[in-house]
Amino acid sequence: MTDIKQLILREQQAGFCDFSITDDLLLRVEASALGVFRLRIGSESKLDDSKLNVRALARKSLLLARQEITSEFEVNTENKGWRLSHGSASLLIKTQPFSLQFYQDDQVVLSTVSPSALLLDDKQWRLNLALTSNETVYGLGRVSDTLNRRGQEIQSDSQDYLPLSWSAKGWGVFVQSLHKVSHSIGLKKHPNQYGITVEDDVLDVFFYIAPPAEILNQFSATIGRPGQPPLRAMGLWLDQQENQTISEFMSTVEQWEKAGLTVDTLNFAAPSMFSFQSDKLVMDWDEGRVGDVRQFIADYAKGKKHICVPSFPGIPVDTALFQDLEDRAWLLLDDKGKAYQVATPKGKVGILDLTYKDAYQYWESRHQQLLEGTDIAVSIAQTIHIPDNVSARQGEEKAFLRQLYSAWLEQSLFEGQAFHKTPSEAFVRRQALSLNSVRSTGLYLQDTIESYTDLENLLQRHLSTQMSGVIAQSHVLNLQATEARLYLRALALSIFSAGFSFVADEAYWPTQFDEKTQQTVKTLLALRYRLIPYVLGIIEDATRTGLPVQRAMALAYPQDTYAHQYHQQFLFGPALLVAPILDSQDSKCIYLPEGDAWWDLNTGVRYEGGQVLEYHCDTSAIPVFGREGHMLCLGPDLKGLEEFNTARVLDEVWLFGMPIHNPVVMRNKIRVMQMQGSSYIKGFEGLRILPSEGLEVKRRGAEVRISRER
């Protein structure tokens with residue numbers, strides 16, 4: 001590999017600069033958005049979007065929602081180089097040797113390693129970034145052990161990979177490529193170096209120079225904002241088990257509800273609820289699973305319960321349709337030119353090639369037709385593993401095909417549900433991450449929980465995913481009801497997550513415990529229902545800002561480096577600090593971040609930030625603190641989302657000190673106004689308000705005045 005020997009400014013426009021590296025190699029720097037620098041290096045023909053074919057343009061729109069330049073540079077010559085500035089962020093490009101330095105308010109926050117800043121050859125790029133000795137790096141997908149990715153090598157060819165990395169120092173990096181990308185972060189050989197290797201014709205990297213919250217906001221805008229999940233998908237789920245018939249599943253639902261428990265969504269297990277006719281390209285409901293289709297639609301798809309059904313782009317082997325689609329190259333192919341076959345619970349199938357536009361259009365439009373007029377959620381029946389010897393119709397293969405296929409599959413199922421819905425609402429339930437994961441809700445974990453270590457890993461996998469640009473992730477409470485303490489700790493953590501499901505097997509139910517434990521479970525579940533308006537408010541806010549539901553300390557408090565050590569606590573939305581107990585004890589060391597005061601929801605005691613508490617809490621509760629200046633808006637007691645009244649979402653408001661911030665709540669119409677040392681709030685008609693100590697509440701019609709006690 002060689003490095004850049006020369007750099008010549010060839011063209012300068014308001015939103016971009018072109019630099020010649022060689023006769024055919026071009027460096028283009030674009031002002032993608034304020035504080036966002038997009039660097040692309042490749043041959044001039046590769047960087048000219050007007051020369052892309054229809055297929056390449058479709059891929060580009062799949063991967064990038066914001067392709068236009070939305071900001072402008074101020075360009076100045078400086079120190080044998082050029083400084084490109086917009087807002088408080090700037091990029092200094094030097095030559096001889098080539099280097100990049102990114103600034104925020106005249107302070108360097110990220111730079112390349114000199115003299116080997118960028119190495120290149122025909123099909124591989126190596127970008128070397130410098131790390132300070134104590135700098136931490138976050139993101140890049142799911143991980144179970146440590147949120148800090150320093151000392152690790154991460155490959156894009158993984159179902160746990162996401163392409164965004166960032167530092168609390170104030171920079172983020174997004175490598176935009178379907179090809180193989182490797183991240184080597186502070187390895188022993190180069191402890192203060194972050195090396196990024198990209199196997200692609202073009203190097204395409206977005207640099208975000210901003211605080212972490214703004215990095216996630218801009219990344220979300222770059223990739224595409226996620227759609228809102230339907231309200232009915234936000235309740236409690238019950239998962240049908242493998243080999244459990246629908247009648248057996250419904251019998252467990254009846255038993256569950258007889259025990260005084262609630263279920264809102266019935267999640268049907270694999271295989272796919274849809275099947276193809278054996279001799280022609282027609283996909284419909286699988287009568288072998290659902291029986292009479294009209295009755296199934298009436299009972300479930302349009303019934304009181306919300307449902308989630310599995311789908312899978314598999315064509316059964318040994319059918320005329322399989323042979324026909326293989327001949328027409330509508331299926332993924334192996335290295336012998338034959339259809340690639342995958343084992344499923346219903347036998348081997350060929351995989352519909354969703355990278356081919358005709359196959360994709362049929363698959364998406366058929367889901368639109370089958371789901372029209374319903375709010376059914378869809379799950380991907382099983383993760384599709386595509387080995388290196390498999391290719392698509394246009395020759396895509398290996399890591400490129402794996403990433404491309406999963407993105408198209410998720411996108412098709414999202415569009416199939418969101419069709420004709422304004423705003424777009426859809427829920428695509430799946431386990432594997434993809435480059436499209438940021439755009440739709442429905443990611444979940446199915447980790448088995450057998451110990452407190454498993455519970456710790458579950459939380460880390462949640463936080464690491466959400467630190468990587470995904471706004472929400474749910475999980476299965478995959479925990480046999482044998483140890484009450486572990487069960488209650490797991491459930492308490494679940495209450496303060498984006499969502500969770502129970503297993504339709506009595507061995508996993510709280511009914512296996514004594515009456516006291518069962519009552520604690522019901523109390524926690526009742527709290528979850530009261531939190532629904534707040535949870536939906538967080539998610540609605542996340543679809544606009546990219547800030548996730550669960551926010552690790554490094555994301556929520558980037559400047560408080562001491563807080564970063566407390567990786568088992570998190571902000572749940574902007575108002576609540578949650579510190580779950582994840583061991584067999586009844587106590588926990590909790591750090592309250594400095595800069596805020598905190599109100600204990602269990603005791604009402606106020607604590608100043610910047611201190612560590614030795615906190616005691618039995619299994620009947622969970623340590624949660626309200627952030628001063630915020631409000632927690634709670635809904636009424638519900639027995640299920642069937643009782644949810646969108647005309648009266650709220651029932652009660654808890655104040656954490658004098659309100660300063662507008663509350664996060666579903667369909668927010670509440671506004672806080674500060675005047676003469678008091679807070680005036682409109683939108684609290686008929687709500688019960690619980691003021692914290694030292695405050696008094698006065699009502700005048702629809703307006704509420706909150707002031708200090710005299």
Side-chain angles (χ1 to χ4, degrees), residues 1 3 37 39 91 97-104 107-120 124-158 160-177 180-199 203 205-212 215-216 219 433 456-457 460-461 463-469 552-555 557-568:
M1 302 183 80
D3 56 8
F37 300 83
L39 274 67
L91 165 61
F98 172 78
S99 68
L100 304 171
Q101 290 183 333
F102 294 90
Y103 290 78
Q104 180 68 265
Q107 296 292 320
V108 177
V109 295
L110 179 65
S111 62
T112 53
V113 174
S114 186
S116 303
L118 181 64
L119 305 176
L120 53 103
Q124 192 174 95
W125 309 86
R126 172 78 179 194
L127 177 65
N128 294 315
L129 305 173
L131 298 174
T132 56
S133 58
N134 60 350
E135 189 170 5
T136 49
V137 178
Y138 301 101
L140 297 175
R142 284 192 193 121
V143 65
S144 299
D145 45 10
T146 174
L147 300 178
N148 179 15
R149 307 310 297 268
R150 191 155 182 163
Q152 299 181 27
E153 185 160 9
I154 299 106
Q155 308 286 340
S156 65
D157 198 5
S158 163
D160 286 332
Y161 172 78
L162 285 170
L164 175 69
S165 61
W166 56 269
S167 166
K169 191 177 176 182
W171 59 261
V173 174
F174 161 44
V175 181
Q176 199 281 116
S177 177
K180 189 173 182 179
V181 180
S182 301
H183 301 259
S184 303
I185 310 172
L187 303 181
K188 287 184 178 180
K189 188 176 181 180
H190 300 288
N192 294 321
Q193 184 171 306
Y194 176 2
I196 301 173
T197 304
V198 184
E199 299 178 9
L203 179 66
V205 185
F206 289 81
F207 292 92
Y208 304 95
I209 307 303
I215 290 171
L216 292 188
F219 175 66
L433 296 172
E456 292 173 11
N457 291 341
Q460 297 306 293
R461 283 162 67 78
L463 295 180
S464 58
T465 304
Q466 292 171 94
M467 294 176 92
S468 303
M553 290 292 95
L555 174 58
Y557 290 92
Q559 301 304 317
D560 189 349
T561 55
Y562 188 71
H564 303 179
Q565 302 174 38
Y566 288 80
H567 52 84
Q568 290 185 357

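When reading the values below, keep in mind they use all heavy atoms of this one structure, side chains included, and skip hydrogens, waters and symmetry mates. What you see is a predicted model; the values in this text were computed from it and never measured.
Note: F206 and F174 have parallel aromatic rings, judged against thresholds of 30 and 60 degrees for the angle between ring planes.
Listed here is the closest heavy atom pair of G141 and S468: N-OG, 2.8 Å. When all heavy atoms of S158 and Q155 are compared, the pair lying nearest together is CB-O, 3.7 Å. Between S114 and P97 the shortest heavy-atom distance is OG-CG, 3.6 Å. The minimum heavy-atom distance between L147 and M467, with the atom names listed, is CD1-SD, 3.9 Å.
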### Task
Please test I196 against V175 for side-chain contact (heavy atoms from CB on, under 4.5 Å), starting from the C-alpha separation and ending with a verdict.
CA-CA 9 Å; I196 301 173; V175 181; 3.7 Å; yes
### Task
Just do the side-chain contact (heavy atoms from CB on, under 4.5 Å) check on L463 and H567 with the steps written out, would you?
CA-CA 9 Å; L463 295 180; H567 52 84; 5.8 Å; no
### Query
Can Q101 and Y103 be said to form a side-chain hydrogen bond (donor to acceptor under 3.5 Å, both in side chains), step by step?
CA-CA 7 Å; Q101 290 183 333; Y103 290 78; 2.9 Å; yes
### Message
One pair to check against side-chain contact (heavy atoms from CB on, under 4.5 Å): L129 and L127. What are the steps and the verdict?
### Response
CA-CA 7 Å; L129 305 173; L127 177 65; 4.1 Å; yes
### Task
For the pair N457 and D145, evaluate side-chain contact (heavy atoms from CB on, under 4.5 Å) and give the outcome as yes or no after the intermediate values.
CA-CA 6 Å; N457 291 341; D145 45 10; 5.6 Å; no
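Taking CH2 from W166 and OH from Y208, the interatomic distance works out to 14.5 Å, rounded to the nearest 0.5 Å. Between R126 atom CZ and D3 atom CG the span is 14.0 Å, to the nearest 0.5 Å. In this structure, L140 CG and T465 OG1 are separated by 11.5 Å, a value rounded to the nearest 0.5 Å. Distance check: L555 CG to L216 CG gives 5.5 Å after rounding to the nearest 0.5 Å.
Between the side chain of R142 and the backbone N or O of Y161, no donor-acceptor pair lies under 3.5 Å. Counting only distance, with no hydrogens or angles, the side chain of N128 and the backbone of S116 share a donor-acceptor pair below 3.5 Å. A donor-acceptor contact shorter than 3.5 Å is absent between the side chain of E199 and the backbone of Q124. A side-chain donor-acceptor contact under 3.5 Å links H564 to the backbone of Y557. When atom types are taken as modelled, the side chain of T112 and the backbone of A117 share no donor-acceptor pair closer than 3.5 angstrom.
Within the 4.5 Å cutoff, no side-chain heavy atoms of L164 are placed close to those of V173. Side chains of R461 and D160 form a contact here, defined as non-hydrogen atoms less than 4.5 Å apart. In this structure the side chain of S177 reaches within 4.5 angstrom of the side chain of V198, judged on heavy atoms. Looking at heavy atoms from C-beta onward, T146 lies out of side-chain contact with Y138 at the 4.5 angstrom threshold. By the 4.5 Å heavy-atom criterion applied to side chains, W125 and L119 are not counted as neighbours. Taking the side chain as every heavy atom from C-beta outward, N192 and E135 never approach each other to under 4.5 Å. For the pair L91 and L100, the minimum side-chain heavy-atom distance is below 4.5 Å. For the pair E153/I185, no side-chain contact is recorded, criterion being any heavy-atom separation below 4.5 Å from C-beta on.
Between F37 and F207, a ring centre-to-centre spacing not shorter than 6.0 Å is recorded.
Under the rule for a side chain to side chain donor-acceptor pair (under 3.5 Å), S111 has no partner lying at least two apart in sequence or in another chain.
Using a 3.5 Å distance cut-off with no hydrogens or angles, the side chains of Y194 and S165 do pair a donor with an acceptor. Remark: the Q568 side chain and the Y566 side chain contain no N/O donor-acceptor pair separated by less than 3.5 Å. For the residue pair S144 and Q460, no side-chain donor N or O sits within less than 3.5 Å of a side-chain acceptor on the partner. At a cut-off of 3.5 Å, with distance as the only test, no side-chain donor of R150 or N134 sits close to an acceptor on the other residue.
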